[in-house]
**Student:** 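Take a look at the following structure, please.
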Amino acid sequence: MAPSPGAAVRFRGVRSRWGALALPGAAALAVFFVVPLAYMLVRSLSDPSPRNYVEVITSSIYLKSYATTLLVAVWTVVVCLVLGYPYAYVMARSSRPISMILGFCVLMPFWMSILVRTYAWTVWLQDNGLINTFLLRLGLIREPMALMGNALGTTVGMAQVLLPFMVLSLVTAMKRIDPALELASRSLGVGPVRTFLRVFLPLSGPGVFAGGLIVFVTALGFYLTPAILGDPTKPLISQLIVERVNTLLDFGGGGALGIILLVLTLVILLIGARFVDLKEIVGLRGES
């Protein structure tokens, strides 16, 4: 049954009033994001010239930095997925009280400073840290292992920060899976392992892609964690941007690196949108 013209007019009126509430946020976004981004783009083309882009695209230093950034981001996604999937599964299939406790544990790191959490990792990972001291006393190693000052330390620190994003994305997808599907599979004589692999795992795919995309894109712009735990001889692209701006006062070159990183991020988002609906990421799935 088609809605009456009066109902359609009232619906449009309600939508327009709700849309007006977004105006302050849109204005703030334009002032504090779009305008600075436009200024950075102009600066990258004019300070001193568009040759900034030629330099950052052709220089082996920057190409290696982009490759290192992508590799670390990929490994961060892998670590978050391996650690987060079992946790999310238990959280999604547990009773409400246990699920709330597990959810609290996931959200608790958001209440602590990333700087504090990153420096806490140095207590564990440095040569005389807790891990190396423990292994040395057990006689499992003869000399301290290099657990920080390299890609390993960067990946560990970034995974710890980004793990909640992966878990929350996975839980959202897993809770949409009807348990009756698993029961139906078991009733047909399929074992629990095959049921998980053939039924549950494919249906949780949107959560895997959404969480992986969020973690990967966020990892591309990390600065603080790789600056403290990473290898100074193999910096990520965010570290080179800070160096160009703060140390060399090369705002044009730093702007060019930032624009390229932004374009790279947008390209990855567009590619990811072919595998997962972006509404899945922002929580708008099913909204019209």
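All values below come from the heavy atoms of this structure, side chains included, with hydrogens, waters and symmetry mates left out.
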**Student:** What pairs with Y223 under side chain to side chain contact (heavy atoms under 4.5 Å, CB included), at least two apart in sequence or on another chain?
**Tutor:**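 With sequence neighbours excluded, Y223 shows a side chain to side chain contact (heavy atoms under 4.5 Å, CB included) to A227, S238, Q239, V242, given in chain and number order.
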
**Student:** Step by step, work out the side-chain contact (heavy atoms from CB on, under 4.5 Å) result for L170 and Y87.
**Tutor:** CA-CA 9 Å; L170 289 171; Y87 190 96; over 6 Å; no

**Student:** Are the side chains of Y66 and I260 in touch, meaning some heavy atoms are under 4.5 Å apart?
**Tutor:**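 SC-SC contact between Y66 and I260 confirmed.
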
**Student:** Is any side-chain heavy atom of I98 less than 4.5 Å from a side-chain heavy atom of R93?
**Tutor:**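 SC-SC contact between I98 and R93 ruled out.
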
**Student:** Tell me whether V106 is reachable from M100 by hopping between hydrophobic residues (I, L, V, M, F, W, Y) whose side-chain heavy atoms are closer than 4.5 Å.
**Tutor:**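 Each belongs to a different hydrophobic cluster.
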
**Student:** Find out if a path of hydrophobic residues (ILVMFWY) with successive side-chain heavy-atom gaps under 4.5 Å connects F33 to M40.
**Tutor:**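 Yes, it is one cluster - the side chains of F33 and M40 are joined through contacts under 4.5 Å.
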
**Student:** Considering only heavy atoms from C-beta outward, does the side chain of V54 approach that of P50 to under 4.5 Å?
**Tutor:**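 Answer no - side chains too far apart.
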
**Student:** So M166 and L81, side-chain contact (heavy atoms from CB on, under 4.5 Å) or not? Walk me through it.
**Tutor:** CA-CA 7 Å; M166 176 66 78; L81 182 59; 4.1 Å; yes

**Student:** If you count the non-hydrogen atoms of other residues, nucleotides and ligands that lie under 6.0 Å from CG in L138, is the total more than 12?
**Tutor:**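 Yes - once you tally the heavy atoms of other residues, nucleotides and ligands closer than 6.0 Å, there are more than 12.
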
**Student:** With heavy-atom distances below 4.5 Å as the criterion, would you say the side chains of W121 and Q160 are in contact?
**Tutor:**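 The answer is yes, as the side chains (C-beta and beyond) meet within the 4.5 Å cut-off.
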
**Student:** As an exercise, state the distance from NZ of K175 to CE of M91, rounded to the nearest 0.5 Å.
**Tutor:**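 Rounded to the nearest 0.5 Å, the NZ-CE separation comes out at 5.5 Å.
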
**Student:** Any sub-3.5 Å donor-acceptor pair from S99's side-chain atoms to S94's backbone N or O?
**Tutor:**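 Answer holds: no.
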
**Student:** Look at the side-chain heavy atoms of Ile, Leu, Val, Met, Phe, Trp and Tyr, link any pair under 4.5 Å apart, and say whether M108 and V167 land in one connected group.
**Tutor:**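 M108 and V167: one cluster.
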
**Student:** Below 4.0 angstrom, N of the basic side chain to O of the carboxylate: do E55 and R244 qualify?
**Tutor:**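 Yes, charged N to carboxylate O under 4.0 Å.
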
**Student:** How about F216 and F209: are their ring centroids closer than 6.0 Å?
**Tutor:**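 For F216 and F209, the ring centres are not under 6.0 Å apart.
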
**Student:** According to ring pair (Phe, Tyr, Trp, His ring centres under 6.0 Å), does anything in residues 233-274 pair up with another residue at least two apart or in another chain? List the pairs.
**Tutor:**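 Listed by first then second residue: nothing to list.
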
**Student:** Just by distance, do the side chain of S44 and the backbone of L41 share a donor-acceptor pair under 3.5 Å?
**Tutor:**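 Pair found, side chain donor or acceptor close to backbone of L41.
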
**Student:** With rounding to the nearest 0.5 angstrom, report the CG to CG distance, L107 to L168.
**Tutor:**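 Output value for this atom pair is 6.0 Å.
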
**Student:** Determine, step by step, whether I228 and L115 satisfy the side-chain contact (heavy atoms from CB on, under 4.5 Å) criterion, reporting the C-alpha distance in whole Å, the side-chain angles of both residues, the deciding distance to 0.1 Å, and the verdict.
**Tutor:** CA-CA 9 Å; I228 297 175; L115 181 63; 3.9 Å; yes

**Student:** Hey, would you say the F134 and W124 ring centroids sit under 6.0 Å apart?
**Tutor:**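 Aromatic pair excluded; centres sit 6.0 Å or further apart.
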
**Student:** Is there a side-chain contact between I268 and L220 (heavy atoms, below 4.5 Å)?
**Tutor:**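 I268 reaches L220 side chain to side chain.
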
**Student:** Would a distance-only check, ignoring hydrogens and angles, find a side-chain to backbone donor-acceptor pair under 3.5 Å from N150 to G153?
**Tutor:**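 A pair under 3.5 Å: yes.
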
**Student:** Please answer whether the main-chain N or O of S185 pairs with a side-chain N or O of T195 as donor and acceptor at a distance below 3.5 Å.
**Tutor:**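 No; judged by distance alone, with no hydrogens or angles, the pair does not exist.
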
**Student:** To the closest 0.5 Å, what do you measure between CE (M148) and CG (D127)?
**Tutor:**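 Atom-to-atom, M148:CE and D127:CG are 8.5 Å apart.
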
**Student:** Report the residue from V77, L264, T265 that forms a side-chain contact (heavy atoms from CB on, under 4.5 Å) with V217.
**Tutor:**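 Checked V77, L264, T265 against V217; only one passes side-chain contact (heavy atoms from CB on, under 4.5 Å): T265.
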
**Student:** Does the S65 side chain pair with the main chain of I61, one donor and one acceptor, at a distance under 3.5 Å?
**Tutor:**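 Such a contact is absent between S65 side chain and I61 backbone.
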
**Student:** Is a side-chain N or O of T76 found less than 3.5 angstrom from the main chain of M158, in a donor-acceptor match?
**Tutor:**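 Side chain of T76 to backbone of M158, a donor-acceptor pair under 3.5 Å: no, none is there.
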
**Student:** For F110, does the CZ atom have more than 12 heavy-atom neighbours from other residues, nucleotides or ligands under 6.0 Å away?
**Tutor:**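 Above 12, so yes.
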
**Student:** Check whether the side chains of Y89 and S204 place a donor and an acceptor atom closer than 3.5 Å, and report yes or no.
**Tutor:**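 No, no side-chain donor-acceptor pair sits under 3.5 Å.
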
**Student:** Given the rule that I, L, V, M, F, W and Y join up when any side-chain heavy atoms are under 4.5 Å apart, are L261 and Y39 in one cluster?
**Tutor:**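 Shared cluster, no.
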
**Student:** What is the distance from atom CD1 of I237 to atom OG1 of T68, rounded to the nearest 0.5 Å?
**Tutor:**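 With rounding to 0.5 Å, CD1 (I237) is 9.5 Å from OG1 (T68).
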
**Student:** Go through the steps to decide whether L229 and V156 satisfy the test side-chain contact (heavy atoms from CB on, under 4.5 Å), and finish with yes or no.
**Tutor:** CA-CA 9 Å; L229 300 177; V156 169; 5.9 Å; no

**Student:** For D250 and V245, indicate whether the former's side chain and the latter's backbone hold a donor-acceptor pair under 3.5 Å.
**Tutor:**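 Side chain of D250 to backbone of V245, a donor-acceptor pair under 3.5 Å: no, none is there.
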
**Student:** Looking at Y85 and V208, would you say the former's side chain and the latter's main chain have a donor-acceptor pair under 3.5 Å?
**Tutor:**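 Side chain of Y85 to backbone of V208: no pair is present.
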
**Student:** Keeping the roles fixed (side chain from T133, backbone from G129), state whether a donor-acceptor pair exists under 3.5 Å.
**Tutor:**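 Indeed, once roles are kept as given, a pair shorter than 3.5 Å links the two residues.
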
**Student:** Ignoring hydrogens, what is the shortest heavy-atom contact between V56 and G253? Give both atom names and the distance.
**Tutor:**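 Residues V56 and G253, closest heavy atoms: CG1-O, 4.3 Å.
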
**Student:** Should L45 and Y53 count as side-chain neighbours, where that means a heavy-atom distance under 4.5 Å?
**Tutor:**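 They are in side-chain contact.
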
**Student:** Taking S187 for its side chain and A184 for its backbone only, find out whether a donor-acceptor pair lies under 3.5 Å.
**Tutor:**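 Looks like yes, one N/O pair under 3.5 Å.
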
**Student:** Would a hydrophobic clustering, with Ile, Leu, Val, Met, Phe, Trp and Tyr connected at side-chain separations under 4.5 Å, put L236 with L63?
**Tutor:**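 No, separate clusters.
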
**Student:** List the atom of L197, the atom of L201, and the distance in Å for their closest heavy-atom pair.
**Tutor:**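 In terms of heavy atoms, the two residues are closest at O-CB, 3.9 Å.
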
**Student:** Under 4.5 Å between any side-chain heavy atoms of I271 and V267, yes or no?
**Tutor:**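 The answer is yes; the side chains approach within 4.5 Å.
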
**Student:** Taking the side chain as C-beta and beyond, is there a heavy-atom pair between V193 and F196 under 4.5 Å?
**Tutor:**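 Side-chain contact under 4.5 Å: no.
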
